[in-house]
Structure formats: C-alpha cells, structure tokens
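Lettering of chains follows the sequences in order, A, B, ..., and the numbering in each one begins at 1.
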Number of protein chains: 2
Amino acid sequence: MRVGELSRRSGVSVASIKYYLREGLLPAGERTSPNQASYDDAHLRRLRMIRALIDVGGLSVVATRDVLAAVDDPGLPLFQALGRASGTTTAPAPEEEPDEAWEQAEQMLADHVAERGWQVTAENPAWHGAVGVLATYLRLGDADLARQLGLYMRTMEEVAEHEVAAVVDRGDRARTVEGVVVGTVLGDTLLAAVRRLAQQHCSLRLLGETPTRRQG
Amino acid sequence: MRVGELSRRSGVSVASIKYYLREGLLPAGERTSPNQASYDDAHLRRLRMIRALIDVGGLSVVATRDVLAAVDDPGLPLFQALGRASGTTTAPAPEEEPDEAWEQAEQMLADHVAERGWQVTAENPAWHGAVGVLATYLRLGDADLARQLGLYMRTMEEVAEHEVAAVVDRGDRARTVEGVVVGTVLGDTLLAAVRRLAQQHCSLRLLGETPTRRQG
DNA sequence: CTCGTTCGGACAGTGCCGCTATCCAATCAC
DNA sequence: GTGATTGGATAGCGGCACTGTCCGAACGAG
C-alpha cells in the first residue's frame with residue numbers, strides 16, 4: 001500500500017506519517033521507483049504502536065524513537081531492551097547535586113533493596129528516578145509517604161514477577177520485545193489508573209465518605 | 001519576606017514566581033502597601049509543592065493549578081480532593097468513539113471490578129483512562145497483557161489500602177489533603193521507577209540474563 | 001496519450017507551553 | 001537622596017509536535 005492508504009487505515013494524517021518517517025520512528029517503505037515507495041502491514045502495526053506509546057504512554061517523539069530502536073535491535077538482549085524502555089520512560093537524570101535529602105533517600109532505597117535481595121544496578125536510570133522522588137518527599141517533609149517504599153517494592157516485585165513470567169516463553173523474539181515494551185510503557189499508565197480506582201474504593205470503605213457531589 | 005528572598009530560598013527564579021502568581025498556582029502575598037507584598041513560609045512550602053508536582057510528578061501548569069485548588073477548597077471532602085487529583089493526573093478524556101475494542105475493554109474492567117467488589121463510579125476519570133489503555137492493548141493484539149488486569153487490581157488494592165490507612169488519622173485537614181495529593185501524584189512516579197527496578201531484578205532471576213553491556 | 005490525482009521529499013510555518021526579558025512607576029534600605 | 005528592588009503588565013523565546021505548501025515525478029482512469 002502507499003501512504004494514502006496507510007493514513008486511512010491507521011487514522012494518522014499523511015503529514016504526520018511523513019514526520020515520523022523523517023524522525024526515524026517509522027522505517028521507510030520499500031522503493032518501487034526512485035520516488036515511490038510501498039508500505040505493508042508491518043508499517044501499519046508500527047504506526048499503531050507509535051500512537052499508543054505517544055498518546056497513551058505519554059512518551060515524547062524522541063523517547064518513542066529510542067524505544068523503537070531498542071525493539072528493532074536484534075543484538076540487544078531482552079534485558080537490555082527492557083532497560084532501554086525504562087531509561088526513556090523515566091526522566092533523564094536532571095543533574096541534581098546530592099544534598100542531605102538526596103543522600104538520605106539513596107540510603108533508604110539501598111537499605112530496602114538489600115533487604116529484599118534485589119539484584120539491581122545503580123546504572124539503571126530507574127534507580128536515579130526513585131531516589132529523586134524519595135528525596136522530593138523528604139524535602140516536602142512527607143516522610144510518612146516515603147515509608148510506603150517497602151510496600152511499593154513488595155507489590156511491584158509481585159507484579160514484575162508475573163509480567164516477566166508471562167513473557168519468557170513466547171516464540172518470536174521481535175514480538176516478545178514488542179510486548180515487553182508496550183507492557184512496560186502502557187503498564188505504567190494502566191497501573192496509575194487502577195491505583196486511582198483502588199483509592200476511590202478504599203477511601204469509600206475506610207473513610208466512610210460517600211461520593212456526593214459536595215457537602216452543603 | 002519579599003519575592004527576592006522567596007526566590008533565593010526556593011531556588012525558583014523571580015520571573016517564574018511571578019508567572020505562578022499570574023496563573024493562580026501561588027496565592028498573592030499579603031499587601032503591605034498598594035504595590036508591595038510580603039510572603040511567608042506557606043508560600044515557600046507551596047512553591048516547593050509546585051515544583052515537585054511539575055518536575056517530579058510531570059503535571060502541567062494548569063493541572064497543577066487545579067490540583068492545588070482542590071487542596072485549598074475546605075468544603076471539598078477528602079474523597080473528592082483525591083478524585084480531583086486523579087482527574088488532572090489521568091489524561092482528560094480524548095473523546096474516543098466506542099469501537100469494538102473499547103466495548104470489550106469496558107466489559108473486561110466492569111467484570112473485574114464486580115469480581116473484586118470495588119465500589120467505583122464510572123464518573124471517576126480513572127475509569128475512562130483504564131478502559132482507554134486496555135482498549136489500546138487489545139487493538140495492538142496484546143491481549144496477554146490485558147490479562148494482567150486482575151493482578152494489577154489486586155496489588156493496587158493492597159497499595160491503596162495502606163495509603164488510605166496511613167492518611168486517615170492525621171490532625172490537620174489541610175495537611176492531610178496536601179499529603180494525599182503529593183502521595184498520589186509522586187506515588188505514580190515512584191511506583192513506575194520501583195516497577196523498573198523490580199523488572200530488572202525479576203528478569204535477571206527468571207531469564208538468567210546477565211546485565212552485560214552487549215552480546216558480541 | 002492525456003490529464004487530474006497522488007506520490008515522496010524538502011522546508012517553512014503554526015499553536016501551545018513554560019518560562020524569560022524588558023519596561024514602568026512606586027517603594028525600600030542605607 | 002540614591003541606587004537597588006518591588007509588583008505589575010506585556011512582549012518575546014525556545015522547544016515540541018505537528019501542519020501546510022510547493023515541487024517535479026509517477027500513477028491510473030478514460
């Protein structure tokens with residue numbers, strides 16, 4: 001198919017498709033003549049993934065490009081591809097100088113990681129991200145919430161265990177990586193939404209407040 | 001204190017402080033003369049919250065304004081304030097027409113909610129958000145991951161239960177709401193980062209891949 | 001073969017967002 | 001008094017994600 005049909009079938013404007021081609025998110029179509037190309041179902045699929053990562057996952061165009069590059073790299077071990085998805089999802093280390101709160105946060109995370117026996121490397125950008133959030137909690141004087149860290153780690157370990165298990169024995173490596181990336185990025189969004197629903201349920205149950213529009 | 005000191009103590013430029021004042025994120029200082037005002041520790045604290053929500057939580061300036069308005073509204077029940085934080089955190093319903101995937105996703109979520117006995121209202125924007133993500137999974141042919149929904153709900157219920165419990169018996173209502181909002185918004189970021197670390201740990205453990213730079 | 005449509009490709013322009021810079025008269029600190 | 005700072009208004013900037021326009025080549029219905 002050519003770009004017009006690709007646009008019609010994906011719901012993405014031709015101009016945007018051209019933009020994604022320029023930015024390297026979408027591979028070029030197969031040349032049928034010096035200035036003519038044709039696209040296939042793989043392009044359509046890729047285009048749908050692009051929209052999902054951008055619209056639902058909230059990734060930027062560059063982050064999406066990097067994630068997709070990891071998907072495409074056949075030499076990249078699954079582990080690395082997953083890490084790549086992390087790196088681009090989590091904010092890129094904003095060069096924060098280590099103040100008191102930062103060091104306290106780092107210590108707190110290190111303690112919990114050691115306690116749970118997690119084998120994680122400090123090079124994982126998520127480490128930096130987690131420390132940053134914890135430090136922010138501490139600076140706001142909200143140590144209470146920083147104390148939920150243990151709970152978060154326990155529950156996320158359970159989640160990750162199922163997620164990784166669900167992924168190990170798929171046949172096609174490319175499809176597996178694709179699934180991991182989508183699951184990682186969209187999973188964040190889904191988890192956040194589900195957390196909101198759970199919070200509504202639990203606050204109703206524990207606080208006994210009824211969901212009336214407004215009191216008074 | 002006046003704006004210069006507020007800027008020095010918060011690390012936010014005077015220009016940005018003026019911007020936040022204009023946009024209604026930061027309440028005006030107390031007038032000491034027709035064109036002079038003074039700020040106190042509450043302003044400093046608020047300013048730190050603004051930066052946390054924007055930089056760490058990833059909220060937009062408008063979303064931050066709305067969240068803080070909910071914090072300030074003393075008539076708003078705690079439940080509502082929390083919901084308000086959800087609404088602005090989750091993407092604002094992008095007017096999606098209900099196709100087949102959408103209805104299937106909605107059914108799936110409704111079933112799980114019924115099964116767990118959650119009391120949640122469809123007016124909760126998180127409902128719409130969750131359905132949107134699930135529908136996206138289905139459209140991508142990634143039904144596997146949509147099947148993690150039960151797990152996500154179970155773990156998020158556990159998380160929410162602890163979070164709500166940790167919040168119920170604080171004295172000051174304003175501080176409580178503040179804590180809830182910060183915990184909700186920053187909690188998303190922290191949970192995502194912790195999930196990445198857990199994924200690294202579990203993929204190491206289950207896939208047996210070692211975190212080498214690259215194979216070959 | 002003709003002729004209107006569509007194509008790939010290049011590049012300029014647009015709208016929004018989160019600031020940032022400049023200017024002003026009034027006020028403050030010394 | 002005098003030089004810095006203030007509150008307030010307004011204009012401008014840089015980045016991002018497109019979007020619009022133009023071109024000459026190719027396609028495809030008649």
Measure from CZ on R2(A) to C1' on dG9(C) and round the result to the nearest Å.
15 Å

Between dT5(C) (P) and Q36(A) (CD): distance, integer Å
17 Å

For Y20(B), give me all partners under ring pair (Phe, Tyr, Trp, His ring centres under 6.0 Å), at least two apart in sequence or on another chain.
none

Partners of R46(A) by salt bridge (Lys or Arg N to Asp or Glu O under 4.0 Å), sequence neighbours excluded?
D72(A)

Got a sec, which residues hit salt bridge (Lys or Arg N to Asp or Glu O under 4.0 Å) with E106(A), two or more places apart in sequence or on another chain?
none

Taking the side chain of I54(B) as heavy atoms from C-beta outward, which of dC19(C), dG8(C), dG18(C) is closest to it?
dC19(C)

For [X], all residues meeting side-chain hydrogen bond (donor to acceptor under 3.5 Å, both in side chains), sequence neighbours excluded:
X       : value
Q107(A) : D111(A)
R8(B)   : none
S16(A)  : S13(A)
S60(A)  : none

Strictly below 4.0 Å, heavy-atom distances to any atom of DNA chain C: list the hits from residues 28-35 of chain A, or just say none.
R31(A), N35(A)

Considering only heavy atoms, which members of residues 5-24 of chain A lie under 4.0 Å from some atom of DNA chain C?
K18(A), R22(A)

Any side-chain hydrogen bond (donor to acceptor under 3.5 Å, both in side chains) pairs touching residues 21-35 of chain A, not counting sequence neighbours?
none

Its 5'-most and 3'-most nucleotides having an atom under 4.0 Å from a non-hydrogen atom of chain A, DNA chain D is contacted over dA17(D) to dC27(D)

In terms of relative ring orientation, are W118(B) and H201(A) parallel, tilted or perpendicular, with 30° and 60° separating the classes?
parallel

Tell me, please, which residues at least two apart from L21(B) pass side-chain contact (heavy atoms from CB on, under 4.5 Å).
I17(B), L26(B), Y39(B)

